[in-house]
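Just follow the structure's listing: the first ligand is 1, and inside any ligand the first atom is 1.
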Amino acid sequence: MTEELPFEALSVETLAARLGGNDALCAKIGKDTDAWKVREVGDGNLNLVFIVEGASGAAVVKQALPYVRLVGDSWPLPLKRSFFEYHALTRQEARAPGSVPAIHYFDERQALIIMEYLAPPHIILRRALIDGRQLPNIARDIGLFIARTLFRGSDLHMAAKDRKADLALFADNVELCDITESLVFSDPYFDAKMNRHTSPQLDGLVAELRADRDLKVEAQRLKHLFAANAETLLHGDLHSGSIMVTDTETRMIDPEFAFYGPMAFDVGMLLANFWMSFFSQRGHEQEGRRDAMRAYLLEVTTETWAVFRAEFSHLWRTERTGMLYQKSLFEDQGDRLGAEQALDHVLHQMWTDLLGFAGIEVHRRILGLAHNADFETIADEDLRASCEAKALKFGRHIAVNRRQIHSIDEVNNLATLIEQESSI
Ligand code: ADP
Ligand code: MG
């Protein structure tokens with residue numbers, strides 16, 4: 001494939017002919033294209049994902065389309081999202097080595113990324129949690145990833161000039177930000193065209209939530225924070241469907257929503273997905289109770305937040321080389337306590353904000369366009385609605401009361417309390 005050709009979507013049939021001359025791909029999988037086996041596996045909403053297996057290995061070819069795959073060409077979306085995904089992946093690899101698939105090749109014109117194939121037993125984390133699997137390392141691995149990427153992509157660490165250049169680069173990811181701005185922060189709170197929910201079971205609750213002024217105002221304050229606080233390079237879509245796992249490995253994928261925003265956004269979205277998994281477990285108990293799984297999921301939230309805080313604090317003490325909270329004002333004057341005090345403020349603010357983002361994420365996954373397989377795969381609609389109603393109640397509480405909640409134990413006790421209510 002040469003740079004001069006205009007964009008053309010790949011297909012299972014054309015891939016070998018079009019990429020047969022690609023040195024990076026041939027080096028990974030072998031250059032005898034007759035031996036190549038190509039499958040399209042994209043179960044995502046937006047892009048094409050091919051697995052290409054050759055005589056000496058396999059790779060993934062991910063290509064953007066000029067529209068949203070799930071919806072079709074009635075919803076155009078720029079190819080440039082592939083450019084942002086590529087640049088986010090290279091930054092994440094630099095800031096948190098080993099946490100993302102290795103990148104072999106990028107073609108901006110064709111909007112395609114060739115990357116490491118995360119072969120089975122790698123599985124999407126959301127799928128594993130639906131199956132009731134307890135992965136031993138995810139809290140540690142993900143906690144470290146978010147601490148390292150969020151800290152090292154900010155003015156706490158980077159040279160101001162470099163961060164501003166990066167801010168400018170990612171500021172162009174307008175259309176994907178717009179998806180988040182609309183689908184996450186606004187659509188669930190009015191009768192937007194693409195919304196859907198389990199109906200008629202949740203109709204009453206939906207009407208109640210739309211009339212909930214405190215929740216609506218809180219959602220808009222969080223949207224304001226999301227849009228106006230360009231603190232660090234976010235993954236932007238860090239949910240359990242963007243993480244691939246084995247029992248020993250954890251990799252983050254799919255950062256095409258990357259842009260500069262508040263640190264609490266990635267953390268809040270991530271934790272919300274663990275809490276939603278918690279509330280969905282009741283719907284997956286056909287083959288036995290999921291009490292141990294529920295306990296595990298709450299432990300994962302506790303441990304992820306603890307690992308995040310510990311690593312963020314470590315980086316604060318050892319890598320605070322940016323223009324914020326300069327060492328010249330604190331440690332260099334013998335004022336280590338001042339640096340610790342400032343760290344406490346930063347972490348406390350992040351905690352308050354992440355609860356807001358988490359609560360909002362729960363709502364949009366149950367009331368908006370993009371639902372979660374955790375709930376969607378519960379076939380019994382009454383049972384699904386009951387799980388969803390509890391999650392909504394939880395999400396509303398943590399979003400609206402976020403300034404009054406002080407610890408993750410409080411949040412998890414609340415989740416347990418709501419989950420055990422007989423019916424809502
Ligand atoms: P989209 O941007 O369309 O959501 P994703 O990046 O989420 O696409 O990929 C869609 C699916 O393709 C994932 O859920 C996963 O099953 C598979 N996939 C993506 N990247 C890889 C990879 N590097 N290795 C193995 N499977 C992958
Ligand atoms: Mg995806």
Part of R69 with heavy atoms under 4.0 Å of ligand 1, whether side chain, backbone, both or neither: neither
Using a 4.0 Å cut-off to any heavy atom of E116, which atoms of ligand 1 qualify? 22 (C), 23 (N), 24 (N)
Does D172 come within less than 4.0 Å of K80, counting only side-chain N to carboxylate O? yes
Before accepting this row, confirm whether a basic side-chain N of the pair E116/R251 lies closer than 4.0 Å to the acidic partner's carboxylate O. yes
Heavy-atom side-chain proximity of T352 to H348 below 4.5 angstrom: yes
Where does V49 meet ligand 1, judged by heavy-atom distances below 4.0 Å: at the side chain, the backbone, both, or neither? side chain
Heavy atom of M244, distance to ligand 1 below 4.0 Å: yes
Check ligand 1 against I124 and write out every atom of the ligand that is under 4.0 Å from a heavy-atom position of the residue. 13 (C), 14 (O), 15 (C), 16 (O)
So among E376, H371, E388, which one has a side chain to side chain donor-acceptor pair (under 3.5 Å) with T198? E388
Nitrogen or oxygen atoms of I253 and ligand 1 under 3.5 Å apart: no
Contact region, V60 to ligand 1, non-hydrogen atoms below 4.0 Å, reads side chain
Any nitrogen or oxygen of G241, side chain or backbone, less than 3.5 Å from one on ligand 1? no
Counting from 1 in the order shown, the ligand 1 atoms closer than 4.0 Å to a non-hydrogen atom of Y117 are 24 (N), 25 (C)
Atoms in ligand 1 flagged as close to K62, the criterion being non-hydrogen separation under 4.0 Å: 1 (P), 2 (O), 5 (P), 6 (O), 8 (O)
I'd like to know if K223 and E181 make a salt bridge, using a cut-off of under 4.0 Å between side-chain N and carboxylate O. no
Heavy-atom check, side chain of K164 versus side chain of Y260, under 4.5 Å: no
If you measure from the Lys or Arg side-chain nitrogens to the Asp or Glu carboxylate oxygens, is any gap between R133 and D131 under 4.0 Å? no
Should you measure from each heavy atom of E256, which atoms of ligand 1 turn up under 4.0 Å away? 2 (O)
For ligand 1, is any non-hydrogen atom under 4.0 Å from M115's backbone (N, CA, C, O), its side chain (CB onward), both, or neither? side chain
So H239 and R126, side chain to side chain donor-acceptor pair (under 3.5 Å) or not? Walk me through it. CA-CA 8 Å; H239 53 77; R126 192 187 302 290; 3.1 Å; yes
